[in-house]
S.K.: 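Let me give you the structure first, and then I'll get to my questions.
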Amino acid sequence: MIDYQSLRFDYKRHADQDAATAARHPVVIVGAGPVGLALAIDLAQREIPVVLLDNDNTLSSGSRAICFAKRTLEVFDRLGCGDRMVDKGVSWHVGKVFFHDEQVYRFDLLPEPGHERPAFINLQQYYVEGYLVERAAALPLIDLRWNNKVTGIEPHDDGAVLTVETPEGSYQLAAGYVGACDGSRSNLRQMMGLEAKGRVFRDRFLIADITMDAQLPTERRFWFDPPFHPGQSVLLHKQADGMWRVDFQLGWDADPAEERKPENITPRVRALLDSIGFEGVQFQIGWASVYTFACQRMEHFRHGRVLFAGDSAHGVSPFGARGANSGVQDADNLAWKLAAVLEGEAPDALLDSYASEREYAADENIRNSTRATDFITPKSEVSRLFRDAVLELTKRHAFARTLVNSGRLSVPAVLRDSPLNTPDADVFKGAMVPGAAAADAPLVRADGSTGWLLRESHAVRFTALLFGTGEAAERSLQALKACDFPLHIVRVQGVSPESELATQRYDAQPGTVYLLRPDQHVCARWRHPTAGNIRAAIDHALAKA
């Protein structure tokens, strides 16, 4: 088994370092974390060559981001590495909330059948990065350069010139577009004189990875004010390799250096295990960190030819697993638009929609993250009294459970107001509105074999979902073929009870068509489309209208 935490990648001198003038590349991505790697892979799959620079030569250490949501797993499927993530990760969908030493309620994040992917997997960030690096290495259009640190940037109307520092000295690179994926302390953001604004939370949390031989159910456990850690909160998650992640709230006055010491972590973990019936279980501490956090974002994610994504653009608290998930979804949104612009299929203005859509998503994530943090860490006695009253009521009254907030877990933003959407001309019910991420469902292919709707959708092109059979469906099929655009068509024919789920989720009738963008967001839908309707919606989704 590969120890991804100990991997060291070789620095290699590149011919660009010896060029008399700065070599120019269509796209240079800065930062080889999950977001930068996802963006590079997505672009390479679209035949766009990418230079990916990282200032280090290692993957992340410790678990860090561990919760990867269903939508992010579907993105990883499209990038060619979702199966590895799910096979290695720990799948879960049940969460339990405790107040003092009593369970007050449980929730199920995937209460309905008919989804290929689980609600969440827990997988240490170094595995996610490792699998993405290996996928990137299989794509010849990705030039991944380790120990290449960007120390300067000069933006221009037609791109930017980067100064890159290496173990053998500095060189310059010219980029048509720059993907700034260099994390919460983004050097690019600082060098361009930009900042992220928001709220810094005056609290500290200890996170620790521990290994132990204990059989606990695979579920999320969250304690408010437990006897083993009075006045604070605790979160427990199972990870791959028999490892467990524990988060202890410490309070603002805690000394980070002291709290990271094993002799101070051990009694906290011991008290937790004893309280849940594992008095004799031995454990080992693998990695620990003390952190504070902020909910903030840049005012604009696009600055000419420089596009910010992931933590460099926005930051949230860890409650709700919205950090890495939203970052990967940034890359998912940006890649197809950048490729369309570079290939001449769309005007540069399409990239403005990346900024507006993902700024909206960031605001949604920050709002939910801030609310969770305020509930978990009340900053006044009145706030604490309110929270504790809600938790007491939760045991007996369902209405109170809607007020409990131990982290509203990550879901994709519904981009209802996107300028790329075509408004409905027909009446539909359900959640699959223009702007929503397409819901998965089982389907039966024409040859009788079974599959999944999102797997059948194209990895890099626009997809049309055509529902039903008969005359109405055939008319819609002819309209799709006549629209003069290379659409990927998926026939969704309800010929079994299981495959009827897709029809129900999309409120479909024979002949209904849903148009999906390359990132699998719905951008238009019709009961009976014409070729003109379809082409107009595609042009609209490419910012040509």
Side-chain angles (χ1 to χ4, degrees), residues 46 78 332-358 360-361 412-441 453-454 456-468 472-492 502-503 505-545:
R46 300 173 194 280
R78 202 171 51 69
D332 184 47
N333 187 294
L334 177 56
W336 74 270
K337 296 174 180 177
L338 195 49
V341 171
L342 287 165
E343 291 171 346
E345 295 177 355
D348 179 82
L350 179 61
L351 296 175
D352 292 337
S353 73
Y354 161 72
S356 62
E357 289 181 351
R358 295 312 299 169
Y360 169 81
V414 178
L415 307 170
R416 291 177 181 272
D417 297 324
S418 169
L420 308 186
N421 294 341
T422 294
D424 285 335
D426 303 308
V427 177
F428 286 88
K429 296 182 293 184
M432 289 296 96
V433 299
D440 205 7
L453 187 149
L454 292 181
E456 296 296 309
S457 300
H458 203 280
V460 299
R461 282 164 41 193
F462 280 82
T463 293
L465 307 179
L466 170 57
F467 289 83
E474 289 306 309
R475 285 195 297 272
S476 293
L477 179 61
Q478 292 309 309
L480 289 166
K481 290 179 176 179
C483 78
D484 193 30
F485 191 85
L487 281 172
H488 177 70
I489 300 170
V490 175
R491 298 293 301 264
V492 186
T503 301
R505 284 177 185 158
Y506 287 81
D507 185 30
Q509 302 167 3
T512 293
V513 169
Y514 276 72
L515 182 65
L516 307 185
R517 307 180 338 181
D519 60 0
Q520 299 177 340
H521 278 258
V522 175
C523 60
R525 56 183 178 174
W526 307 270
R527 294 297 184 193
H528 305 289
T530 66
N533 294 152
I534 297 162
R535 186 56 202 243
I538 294 167
D539 287 346
H540 199 71
L542 289 170
K544 291 182 178 181

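Since we're looking at a predicted model, the values are computed, not measured.
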S.K.: Taking only residues two or more places apart in sequence, or in another chain, which ones meet Ser476 in a side chain to side chain contact (heavy atoms under 4.5 Å, CB included)?
M.R.: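 Here the qualifying residues are Leu466, Val513, Pro529.
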S.K.: Could I get the full list of side chain to side chain contact (heavy atoms under 4.5 Å, CB included) partners for Ala479, not counting sequence neighbours?
M.R.: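 For Ala479 the side chain to side chain contact (heavy atoms under 4.5 Å, CB included) partners, ignoring immediate neighbours, are Ile534.
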S.K.: In Å and rounded to the nearest 0.5 Å, what is the CG to CZ distance from Leu334 to Arg358?
M.R.: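 Rounded to the nearest 0.5 Å, the CG-CZ separation comes out at 10.5 Å.
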S.K.: OH of Tyr506 to CG of Leu453: how many Å apart, nearest 0.5 Å?
M.R.: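 Tyr506 atom OH to Leu453 atom CG measures 5.0 Å (nearest 0.5 Å).
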S.K.: Indicate yes or no for a side-chain donor-acceptor contact from Arg527 to the backbone of Val427 under 3.5 Å, with no hydrogens or angles considered.
M.R.: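 Such a contact is found between Arg527 side chain and Val427 backbone.
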S.K.: Is any side-chain heavy atom of Arg416 less than 4.5 Å from a side-chain heavy atom of Val433?
M.R.: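 Sidechains of Val433 and Arg416: in contact.
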S.K.: Are the side chains of Leu350 and Leu420 in touch, meaning some heavy atoms are under 4.5 Å apart?
M.R.: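 Yes - at least one pair of side-chain heavy atoms lies under 4.5 Å apart.
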S.K.: Name each donor-acceptor pair under 3.5 Å that joins a side chain in residues 335-345 to protein atoms two or more places apart or in another chain, with its distance.
M.R.:
unit_1	atom_1	unit_2	atom_2	d
Trp336	NE1	Asn333	O	3.4
Trp336	NE1	Asp519	OD2	3.2
Lys337	NZ	Asn333	OD1	2.8
Lys337	NZ	Ser353	OG	3.0
Lys337	NZ	Glu357	OE1	2.8

S.K.: What pair of heavy atoms forms the shortest contact from Arg505 to Ala439, and how long is it?
M.R.: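 Shortest heavy-atom separation between Arg505 and Ala439 comes out as CD-CB, 4.5 Å.
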S.K.: Can you give me every donor-acceptor pair (side chain of residues 481-492, partner residue at least two apart or in another chain, under 3.5 Å) with its distance?
M.R.:
unit_1	atom_1	unit_2	atom_2	d
His488	NE2	Glu456	O	2.7
Arg491	NH2	Gly468	O	3.4

S.K.: Going by salt bridge (Lys or Arg N to Asp or Glu O under 4.0 Å), name the residues that satisfy it together with Asp440, two or more places apart in sequence or in a different chain.
M.R.: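 Here no residue qualifies.
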S.K.: Looking at Gln520 and Arg78, what are the two nearest heavy atoms and their distance?
M.R.: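 Looks like NE2-CD, 4.1 Å.
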S.K.: For residues Pro347 and Lys544, determine if any side-chain heavy atom of one lies less than 4.5 Å from a side-chain heavy atom of the other.
M.R.: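 In contact.
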S.K.: Apply salt bridge (Lys or Arg N to Asp or Glu O under 4.0 Å) to Asp417 and list each qualifying residue two or more places apart in sequence or on a separate chain.
M.R.: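 With neighbours one apart ignored, the set is empty.
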S.K.: So, using ring-ring contact (aromatic ring centres under 6.0 Å, His included) as the criterion, who are the partners of Tyr360 when residues are at least two apart?
M.R.: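 Not a single residue meets the ring-ring contact (aromatic ring centres under 6.0 Å, His included) criterion with Tyr360.
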S.K.: Distance check, rounded to the nearest 0.5 Å: Arg46 atom CZ versus Arg461 atom CZ?
M.R.: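 With rounding to 0.5 Å, CZ (Arg46) is 11.5 Å from CZ (Arg461).
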S.K.: Hey, could you give me each pair passing salt bridge (Lys or Arg N to Asp or Glu O under 4.0 Å) that has a residue in residues 418-433? Not counting sequence neighbours.
M.R.: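 Non-adjacent pairs meeting salt bridge (Lys or Arg N to Asp or Glu O under 4.0 Å): Asp424-Arg525.
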S.K.: Working to the nearest 0.5 Å, report the span between CZ of Arg517 and OG1 of Thr463.
M.R.: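 One gets 13.0 Å once the value is rounded to the nearest 0.5 Å.
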S.K.: Which residues pass the salt bridge (Lys or Arg N to Asp or Glu O under 4.0 Å) test with Arg475, sequence neighbours left out?
M.R.: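 Salt bridge (Lys or Arg N to Asp or Glu O under 4.0 Å) check on Arg475 returns Glu471.
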S.K.: Can you list the residues that meet the side chain to side chain contact (heavy atoms under 4.5 Å, CB included) rule with Ala524, with sequence neighbours excluded?
M.R.: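 So Ala524 forms a side chain to side chain contact (heavy atoms under 4.5 Å, CB included) with Thr422, Leu515, Trp526, Ala537.
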S.K.: From His521 NE2 over to Asn421 CG, what is the distance, rounded to the nearest 0.5 angstrom?
M.R.: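 Reported to 0.5 Å precision, the distance equals 10.0 Å.
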S.K.: With a 4.5 Å cut-off on side-chain heavy atoms, are Pro518 and Phe462 touching?
M.R.: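 Yes, their side chains come closer than 4.5 Å.
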